[in-house]
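All remarks here apply to the structure that follows.
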Number of protein chains: 2
Amino acid sequence: MRDGPDIAQIAALIGDPARANMLTALMSGKALTAGELAREAGISPQTASSHLKKLLAGSLVRVRGQGRHKYYGLSGEDVAHVLENLMGLAAGRGHLRTQTGPKDAELRSARVCYNHLAGSRGVQMFTAMQKQGYLETTEDAVHLTEEGTQFCTGFGIDLEGLGRSRAPLCRPCLDWSERETHLAGKLGRAMLTRMEEIGWLVRIPDSRIIRFTRTGETEFDAQFSA
Amino acid sequence: MRDGPDIAQIAALIGDPARANMLTALMSGKALTAGELAREAGISPQTASSHLKKLLAGSLVRVRGQGRHKYYGLSGEDVAHVLENLMGLAAGRGHLRTQTGPKDAELRSARVCYNHLAGSRGVQMFTAMQKQGYLETTEDAVHLTEEGTQFCTGFGIDLEGLGRSRAPLCRPCLDWSERETHLAGKLGRAMLTRMEEIGWLVRIPDSRIIRFTRTGETEFDAQFSA
DNA sequence: CGCATGCTTCGACCATAGTCGAAACATAAG
DNA sequence: CTTATGTTTCGACTATGGTCGAAGCATGCG
């Protein structure tokens, strides 16, 4: 057959445990240095270097040198999207639930997915914004309505500034734990950043977990009631 | 970190060239025997057997014994979805376009994606059905409208019979060549089957290519004009 | 019942690639 | 310049796993 593009190459790239751990770590959206990634994956810096070289060659990550550090990040949202999908598959098929610790529950509630809000909180926000007429979904694209624009501006988001780059403003992203859609794209990132700014939530270091503050939780629920 | 489900296991499963070829072959939606899959992948039956065992263990495929044959198929639409996504990534990042032969052009025009219509033709149908008010898209789900129900019935599709199983009637599927949505789900499959029945198109054996007939092309364009 | 066909198991072979120690290179700081 | 830190290259080791030949089951056919 030999049809279509070469799936195996990319899948094999993701298929190594060390590399998978690195990519998962990068799902937070934060760029990490080679050394940090090595620690994340539990391997020596030399080995990490070799893995990162391969990920670069496969265009799954992108790198920016800064001083004597090298900051690695996912090369695009499409990569994050595929990773999230793979997690969904793995969650469904993984016969052996490794461990359903407290960390797991927190992850399912609210976590970072390539710099935007995911988990049940993320889905809650998306459906609420849709119900309130802020978002309009057509085919697989999502658009911000007029009311939505006003809302975001009132929420403290500089839509003008976001409009510059040609990356999509809104993008749907399938949540692996909820199996529903949450908001990705530039707006998704901006919303998370803003909510962090105004003290609704904090990111737990060295993990993808997001923890809402007391007031943040009530205000979030008030704003995005289901 | 050790966050979330084990991506690496599943990705590694897809990451072997032989297995990737098998899975790609199964994307046609037709169940294939172990021997056919071995030939698809260009390996011996023994090797294929070992691979299929692993794919089964990972719940990526499902099997049904029939006489001395064993028919293998993808275990679900979610698997097909991930594979299609991976193809999208590979197509975008694959620096070396293996060969852009005539087969490639036909694949991009119309092909089978887990038993439904994909490629530019598939996208054409989806957008047309949407524009005509047959389909309504909300978040990441797709619903058939009242008009759509009438249309499908008139087209010769037994919606009653489809309604039985609990699999979703309509599902959006991101096309790797067009990077737009086309129609998957039970209705997607029924539409393709119906179009084959009434002679609009034929499937090219041993490939995912779909070829429209003379009349099929004109009638399809008339029905689903962009 | 024998024979053919399709699939699987076992065993052995081999290549690929992940791993780290040692050392080189690059950048920053003192 | 010297020293320290972060990253990469090189080389060698090792293990995992893909591969097939030979043999063993299972099913269908004459």
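Throughout, a chain's letter reflects where its sequence line sits, starting with A, and its residues are numbered from 1.
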Identified side-chain contact (heavy atoms from CB on, under 4.5 Å) counterpart of A/Thr24 within the set A/Glu40, A/Arg19, A/Met87: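 That would be A/Met87; it is the only one of A/Glu40, A/Arg19, A/Met87 passing the side-chain contact (heavy atoms from CB on, under 4.5 Å) with A/Thr24.
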
Nearest whole Å is fine: how far is [N] [atom2] from [X] [atom1]?
X: A/Lys54; N: C/dG18; atom1: NZ; atom2: C1'; result: 7 Å
X: A/His51; N: C/dT16; atom1: NE2; atom2: P; result: 18 Å
X: A/Asp16; N: C/dT16; atom1: CG; atom2: C1'; result: 13 Å
X: B/Lys53; N: C/dC7; atom1: NZ; atom2: C1'; result: 12 Å
X: A/Arg19; N: C/dT16; atom1: CZ; atom2: P; result: 16 Å
X: B/Met22; N: C/dC7; atom1: CE; atom2: P; result: 11 Å
X: A/His69; N: C/dA26; atom1: NE2; atom2: C1'; result: 12 Å

On DNA chain C, nearest-nucleotide positions of A/Ser50 versus A/Arg68: which is more 5'? A/Ser50

Let's go through B/Ile210 and B/Ile204 carefully: what are the C-alpha distance in whole Å and the side-chain angles of both, what is the deciding distance for side chain to side chain contact (heavy atoms under 4.5 Å, CB included) to 0.1 Å, and is it a yes or a no? CA-CA 6 Å; B/Ile210 288 178; B/Ile204 304 303; over 6 Å; no

Quick test: give all pairs of protein nitrogen or oxygen and nucleotides 20-23 of chain C nitrogen or oxygen below 3.5 Å, distance rounded to 0.1 Å.
| unit_1 | atom_1 | unit_2 | atom_2 | d |
| --- | --- | --- | --- | --- |
| C/dC20 | OP2 | A/Ser44 | N | 3.2 |
| C/dC20 | OP2 | A/Ser44 | OG | 3.1 |
| C/dC20 | OP2 | A/Thr47 | OG1 | 2.9 |
| C/dG21 | N7 | A/Gln46 | NE2 | 2.6 |

So, A/Arg189 and A/Glu77, do they make that salt bridge, N to O below 4.0 Å? yes

Kindly indicate, with the supporting measurements, whether the criterion side chain to side chain contact (heavy atoms under 4.5 Å, CB included) is fulfilled by A/Met22 and A/Tyr72. CA-CA 10 Å; A/Met22 290 180 175; A/Tyr72 288 87; over 6 Å; no

Look at the rings of A/His182 and A/His116 and say which category their plane angle falls in: under 30° parallel, 30 to 60° tilted, over 60° perpendicular.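 Ring orientation, 0 to 90° scale: tilted.
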
So, using side chain to side chain contact (heavy atoms under 4.5 Å, CB included) as the criterion, who are the partners of B/Thr193 when residues are at least two apart? B/Glu197

Dot-bracket notation for DNA chain C, counting Watson-Crick and G-U pairs under 3.5 Å, with | for partners on another strand: ||||||||||||||||||||||||||||||

Return the set of residues passing side-chain hydrogen bond (donor to acceptor under 3.5 Å, both in side chains) with A/Arg64 (not counting sequence neighbours), or none when no residue passes.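 side-chain hydrogen bond (donor to acceptor under 3.5 Å, both in side chains) list for A/Arg64, sorted by chain: A/Gln66.
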
Could you note down all residue pairs passing salt bridge (charged side-chain N to carboxylate O under 4.0 Å, His left out) where residues 111-123 of chain A supplies at least one of them, sequence neighbours left out?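 Qualifying pairs, neighbours excluded: A/Glu84-A/Arg111, A/Arg111-A/Asp175, A/Arg121-A/Glu217, A/Arg121-A/Asp221.
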
Under 4.0 Å between any heavy atoms, over every strand shown, what does A/Tyr71 touch: base, sugar-phosphate, or nothing? Just pick one.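 Counting heavy atoms under 4.0 Å across all strands, no contact is made by A/Tyr71.
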
What are the 5'-most and 3'-most nucleotides of DNA chain D lying under 4.0 Å from any heavy atom of chain A?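 For DNA chain D, the relevant span reads D/dA4 to D/dT9.
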
From CA spacing to verdict: side chain to side chain contact (heavy atoms under 4.5 Å, CB included), B/His81, A/Asn85: CA-CA 9 Å; B/His81 192 243; A/Asn85 271 350; 3.9 Å; yes

Can you see whether A/Ser44 engages A/Thr47 through a side-chain donor-acceptor pair at a distance of less than 3.5 angstrom?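 The answer is yes; a qualifying pair exists.
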
Search all heavy atoms of B/Val61 against all heavy atoms of B/Leu56 and return the closest pair with its distance.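 Looking at all heavy atoms of both residues, the closest pair is O-CD2, 3.4 Å.
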
